[in-house]
Engineer: 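One structure coming up, written as structure tokens, with questions to follow.
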2 protein chains.
Amino acid sequence: MTRNNDIAIVPTELEAATLGAVWKNGPCTAYSIRQHFLRSPSPRWSGSAGAIYPLIRRLEDQGLVRATATARGKRRQRDYQLTRQGRAVLRRWVGQLSPDPATELVHDPLRTKIFFLDILTPRQAKTFVKNALEAVRNRLSSLQRDCDDNPVEKNRTAYFAARNALLITVARVEWLEEVLHGISDS
Amino acid sequence: MTRNNDIAIVPTELEAATLGAVWKNGPCTAYSIRQHFLRSPSPRWSGSAGAIYPLIRRLEDQGLVRATATARGKRRQRDYQLTRQGRAVLRRWVGQLSPDPATELVHDPLRTKIFFLDILTPRQAKTFVKNALEAVRNRLSSLQRDCDDNPVEKNRTAYFAARNALLITVARVEWLEEVLHGISDS
DNA sequence: CCGCTCATGTAACTGGTTACATGATTTA
DNA sequence: TAAATCATGTAACCAGTTACATGAGCGG
């Protein structure tokens with residue numbers, strides 16, 4: 001099923017993340033990829049079977065992953081690994097700055113809510129911001145732990161990822177503190 | 001079409017943002033809502049007709065907005081405004097901290113890429129991070145301008161929203177600088 | 001042997017997207 | 001009078017989601 005223009009394949013973010021997971025975790029089942037997403041500390045995707053199984057079959061059809069059916073006992077099991085084309089596509093996806101505006105500007109759902117904050121009474125608004133601040137603050141310790149658990153020397157990229165989540169969360173906490181302060185004198 | 005349990009309606013983020021836009025911009029057409037989204041400095045949605053028109057009709061069916069058909073000349077035009085129930089639903093949506101994990105942790109697509117950075121050669125990795133850093137940095141000035149254009153005294157919530165985008169972007173720049181520094185000695 | 005985890009998969013749905021289509025009004 | 005903008009809408013598609021279904025293997 002190998003296509004002659006593999007390099008032209010532009011995967012979605014989930015497809016790329018799946019290729020990446022297969023690349024990192026060596027030969028592994030679709031099931032273990034699901035667990036990888038399900039247990040992710042920053043759950044971008046649900047890791048639902050309905051997403052992963054059809055997706056990985058598509059990757060196989062495109063020649064980006066190869067499966068080895070290792071039937072242990074009567075239990076069927078397909079172990080996937082990246083093909084050369086798979087690595088090429090992943091490499092291309094990682095190295096290419098996408099034209100998606102989200103690359104330059106991330107979305108914060110709290111921003112949308114705060115934009116309409118005036119529909120609440122000052123009292124309600126204050127309560128909401130306080131609650132939001134508390135919820136976001138409560139994340140800090142576990143994000144800090146994620147950084148500590150992945151020291152730079154041991155796993156650079158995992159550390160960088162954890163660090164990204166932490167720094168952005170710190171920025172949001174500071175922002176919410178500003179908002180709380182800004183609405184207090186009214 | 002008014003439901004007796006309006007308060008139970010939980011809108012999507014786009015639905016809530018549409019209610020908010022109608023609330024802020026007074027009686028206005030679906031078209032102007034679209035422009036609102038199209039011209040947004042932080043484009044979360046495309047503002048596509050295929051999204052807005054069916055959506056606002058749904059809101060009307062639910063009794064959250066009311067339309068006045070003001071046919072100027074031969075041109076049909078529906079001007080929407082919030083109903084009491086619409087305001088109630090919007091108020092509820094704004095004031096309620098959603099259980100969505102994104103409330104506590106925002107997603108950064110660059111985080112995913114950096115997580116798989118090791119698939120690139122050190123040289124390629126360095127180039128990529130430099131390019132990403134430049135792209136994100138280039139946003140700073142226009143985000144700063146958005147803040148300046150909406151002074152706190154004049155439009156608090158618009159200022160807060162602009163400030164959110166700026167602070168998160170600053171955090172991302174700092175993060176990318178860390179990453180660049182971290183991969184330079186290798 | 002009961003319940004949990006491993007492992008694979010499908011069906012129906014959702015909340016959007018792009019692209020297309022129509023026609024009135026305004027502006028250069 | 002041609003082009004741009006205002007204004008409304010539909011059809012086909014897309015990348016996910018939840019919920020359901022099946023069955024093997026393993027631990028208490």
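Each chain gets a letter, A, B and so on, in the order its sequence line appears, and its residues count up from 1. Computed from a predicted structure; not experimentally measured.
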Engineer: Do Thr103(A) side-chain atoms and Ser98(A) backbone N/O form a donor-acceptor pair below 3.5 Å?
Structural biologist: yes

Engineer: For Trp23(B), check ring pair (Phe, Tyr, Trp, His ring centres under 6.0 Å) against everything at least two apart and list the hits.
Structural biologist: none

Engineer: With the threshold set at 4.0 Å, does a side-chain nitrogen-carboxylate oxygen contact exist between Glu60(B) and Arg57(B)?
Structural biologist: yes

Engineer: In the 5'-to-3' direction, what one-character label does each nucleotide of nucleotides 4-19 of chain C receive under the scheme B = base within less than 4.0 Å of a protein heavy atom, S = sugar-phosphate only, - = no such atom?
Structural biologist: --BBBBBB---SSBB-

Engineer: Only counting residues at least two apart or in another chain, list the ones meeting ring pair (Phe, Tyr, Trp, His ring centres under 6.0 Å) with Phe115(B).
Structural biologist: none

Engineer: When you check the gap from the basic side-chain N to the acidic O, do Asp118(A) and Lys24(B) get nearer than 4.0 Å?
Structural biologist: no

